[in-house]
Asks: 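Structure in structure tokens, see below.
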There are 2 protein chains.
Amino acid sequence: MTTMSNRYTGSKPGRPTMKHVAALAGVGIKTVSRVMNNEPGVAEATRAQVLRAAEQLKYQLDVNAGNLRRSDRRTRTLGLVLPSVANQFSGEIHRAVEDAMAPRGIAVFASSVDDDPEREQPVVAALLQRRVDGLIVTPAAPDQSYLVSELEHELPVVFVDREPVGLAADCVTSDNREGAAAAAAHLIGHGHRRIAYLGDLSTIQTARERRRGFAEEAARAGITGQTFTVEELHDSRAAQEAATRLLTGSEPPTAIFAAQILVTLGVLRALKELGLQHRVALVGFDDFELADLLDPGVTVVAQHPEQIGRLAAERLLARLDGQRSRPERFVVPSTLIPRGSGEIPPA
Amino acid sequence: MTTMSNRYTGSKPGRPTMKHVAALAGVGIKTVSRVMNNEPGVAEATRAQVLRAAEQLKYQLDVNAGNLRRSDRRTRTLGLVLPSVANQFSGEIHRAVEDAMAPRGIAVFASSVDDDPEREQPVVAALLQRRVDGLIVTPAAPDQSYLVSELEHELPVVFVDREPVGLAADCVTSDNREGAAAAAAHLIGHGHRRIAYLGDLSTIQTARERRRGFAEEAARAGITGQTFTVEELHDSRAAQEAATRLLTGSEPPTAIFAAQILVTLGVLRALKELGLQHRVALVGFDDFELADLLDPGVTVVAQHPEQIGRLAAERLLARLDGQRSRPERFVVPSTLIPRGSGEIPPA
DNA sequence: CGTTGGCCTGACAACGTTGTCAAGTTAGTG
DNA sequence: CACTAACTTGACAACGTTGTCAGGCCAACG
């Protein structure tokens with residue numbers, strides 16, 4: 001009880017465990033556990049003694065070992081499946097989720113799937129092997145029914161950005177259809193009839209939704225415009241080429257709706273290269289830094305990824321807290337931001 | 001051995017464990033372990049039997065429980081501490097790290113610290129409690145010596161983007177000094193003498209390095225220019241205000257070096273608002289999407305975050321594989337990309 | 001002084017897995 | 001046929017922690 005020193009003090013290999021701390025402090029393991037977890041019912045003197053020993057050994061609680069034994073069987077861990085942690089939209093969702101989870105001590109595993117349908121399931125399986133307490137997933141595969149049994153085992157799953165197929169679960173998306181319709185209406189309202197739609201892979205659900213919203217609004221205005229639809233554009237180069245082809249063809253469109261961020265960038269490059277940026281109208285889906293600094297400013301339908309992430313995280317936390325209501329579907333409204341490019345009248 | 005059904009088959013609560021699979025397959029637990037880990041020495045028939053049972057119960061190996069017992073004491077987990085997962089630079093590092101780790105089955109915990117010195121240590125502590133196998137850290141605190149004992153316990157730590165203070169460890173950074181010097185030389189070479197330096201918080205190491213590189217190059221050319229130095233600009237609004245103040249003052253600079261991405265954006269806004277974008281030269285540190293689409297295109301010193309991330313990850317993996325050589329310091333060269341704004345001559 | 005009740009404390013089992021080891025089976029050999 | 005070697009297999013302990021529970025101590029009470 002006087003000085004504290006034993007053979008563990010200056011040890012090199014291996015981390016100290018509670019056993020070491022207990023030995024050094026001259027108490028039982030369980031008492032160390034109580035102190036490290038701030039449980040009540042430990043005499044103040046004992047607590048101080050244990051803390052001193054823990055500090056001396058630089059002992060850190062091993063949460064994994066604790067999780068194994070703990071009765072709630074929670075790992076305080078969450079799986080987040082995204083297109084890519086390197087893309088802006090995903091990054092903002094990630095951050096919102098992290099911010100919602102951090103106060104509860106829940107750590108986030110993020111995984112990039114690159115919208116590859118083949119990679120979704122293995123990535124999710126890897127997360128499940130780590131016994132995450134919940135899952136927030138951007139679906140990339142055509143079907144998520146492989147998760148049905150997990151839902152039955154009470155694993156909370158929330159989908160973001162796209163709706164799942166093959167199972168009923170909470171889901172948070174942008175209003176893709178309405179947003180695209182708003183873009184179409186905006187261009188039509190400025191007098192355009194020859195409007196090109198440039199979109200992403202039609203395997204991607206949001207792309208289909210946007211296509212549909214756009215087409216419906218065009219139809220409502222009596223425009224068919226099938227000839228101006230180009231899809232399956234997944235990167236900015238393909239979009240640039242497609243836009244160039246359209247704009248240099250006979251009967252070019254007077255306006256373009258770019259239904260995805262990379263498509264918008266490609267179209268911007270094409271317009272600039274052809275010197276048409278002040279003559280052909282453009283509305284893009286998804287906002288980007290600097291859109292206001294271009295000449296003309298780029299009119300966009302802005303999504304709100306941080307809201308999507310926050311909502312998804314709140315939903316998941318509610319499920320973790322035992323909420324058992326039936327799955328809900330949240331739609332985050334997008335915002336049309338006029339900056340110039342979308343207000344150019346037809347030639 | 002004929003049909004497979006027992007009370008576990010249709011169970012609702014709780015996940016199946018090896019015990020359940022073993023019971024259903026009619027074998028011992030250890031045999032299930034061998035099969036699930038693809039270990040050799042199991043008869044083909046037994047293996048098939050076990051796999052069938054596992055599939056029927058949808059059993060998934062619990063890697064946390066395994067890690068506890070496994071002799072290498074590895075969690076196959078990595079901690080990544082970044083300014084923010086929502087920022088582009090960090091996101092690309094994150095992705096590079098993820099890509100390097102995924103083939104080895106190592107999952108990544110990413111944490112955002114927002115360059116808040118107070119948050120670094122708690123965030124790292126949380127990761128250590130989860131027993132990550134290694135750490136990749138962007139230092140935000142003025143001192144990292146709190147990690148010394150971890151290094152002694154053989155925990156691999158690699159620092160990225162900034163050098164650590166107070167301990168010797170692997171480190172991967174951009175060539176901040178040289179990059180800033182190159183920017184200064186570029187502007188000087190185009191005839192400028194009145195060059196403003198707008199930089200980030202001087203508590204941030206890279207900001208100080210850039211400041212130094214810029215100042216040294218200016219001094220080499222016989223320019224003192226103290227009056228044009230503005231620091232502590234941590235967001236784009238502050239940068240815009242500072243730039244506006246400089247440009248509307250008496251004796252405005254003929255060129256600006258924006259030493260950080262948000263500063264660059266602020267300066268761009270100021271220049272555009274004042275209609276000076278074709279008259280005042282600008283070089284920014286850090287590249288950004290669309291820099292080529294602005295008018296004029298923005299000349300930048302481009303960093304290469306994906307290389308930084310990849311190098312850091314490789315370093316960490318080498319340490320995990322037992323490399324014990326002394327810590328190394330890697331510098332990833334930046335690239336000056338002329339696009340127009342940096343080639344504007346002085347008025 | 002015996003009893004009660006509150007407060008501390010630690011022995012022990014258990015969480016789900018893997019390492020160790022011994023035992024059983026089978027095929028091959030002399 | 002006895003014996004060996006190779007291959008399978010499972011009982012058991014252990015990983016570091018937490019839940020349970022019983023026991024020790026002490027002050028207050030009748």
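Just so we're on the same page: letters track the sequence lines, and every chain starts at 1.
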Asks: Return the set of residues passing side chain to side chain contact (heavy atoms under 4.5 Å, CB included) with B/Glu39 (not counting sequence neighbours), or none when no residue passes.
Replies: B/Arg34, B/Asn37
Asks: Pick the nucleotide of DNA chain D nearest each of B/Leu68 and B/Gly28; which residue has the one closer to the 5' end?
Replies: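 It is B/Gly28 whose nearest nucleotide is closer to the 5' end.
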Asks: Let me know the distance between CZ of B/Arg15 and P of C/dC15, rounded to the nearest Å.
Replies: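 Result: 17 Å.
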Asks: Please work out which of the three classes, parallel, tilted or perpendicular, describes the rings of A/His94 and B/His94, given edges at 30° and 60°.
Replies: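 Tilted: the ring planes of B/His94 and A/His94 meet at 30° to 60°.
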Asks: What one-letter contact string describes nucleotides 17-24 of chain D from 5' to 3', where B marks a base within less than 4.0 Å of any protein heavy atom, S marks contact via sugar-phosphate atoms alone, and - marks no contact?
Replies: BBBB----
Asks: Does a side-chain N-to-carboxylate-O contact under 4.0 Å join B/Lys58 and A/Glu150?
Replies: no
Asks: Reckon A/Thr46 has a side-chain N or O less than 4.0 Å from the OP1 or OP2 of C/dT9?
Replies: yes
Asks: Is the Lys NZ or Arg CZ of B/Arg315 less than 6.0 Å from the centre of B/Phe330's six-membered ring, within 45° of the axis?
Replies: no
Asks: B/Thr31 side chain N/O closer than 4.0 Å to the phosphate oxygens (OP1, OP2) of D/dT9?
Replies: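 The answer is no; no side-chain N or O of B/Thr31 sits under 4.0 Å from OP1 or OP2.
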Asks: Rounded to whole angstrom units, what separation is found between the NE2 atom of A/His20 and the P atom of D/dG16?
Replies: 8 Å
Asks: Working note: B/Asp161 + B/Thr173, criterion side chain to side chain contact (heavy atoms under 4.5 Å, CB included); need CA distance, chi angles, decisive distance, verdict.
Replies: CA-CA 4 Å; B/Asp161 194 41; B/Thr173 64; 5.8 Å; no
Asks: Can a cation-pi geometry be assigned to A/Arg130 and A/Phe109, taking NZ or CZ under 6.0 Å from the six-membered ring centre and within 45° of the ring axis?
Replies: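 So A/Arg130 does make the cation-pi contact.
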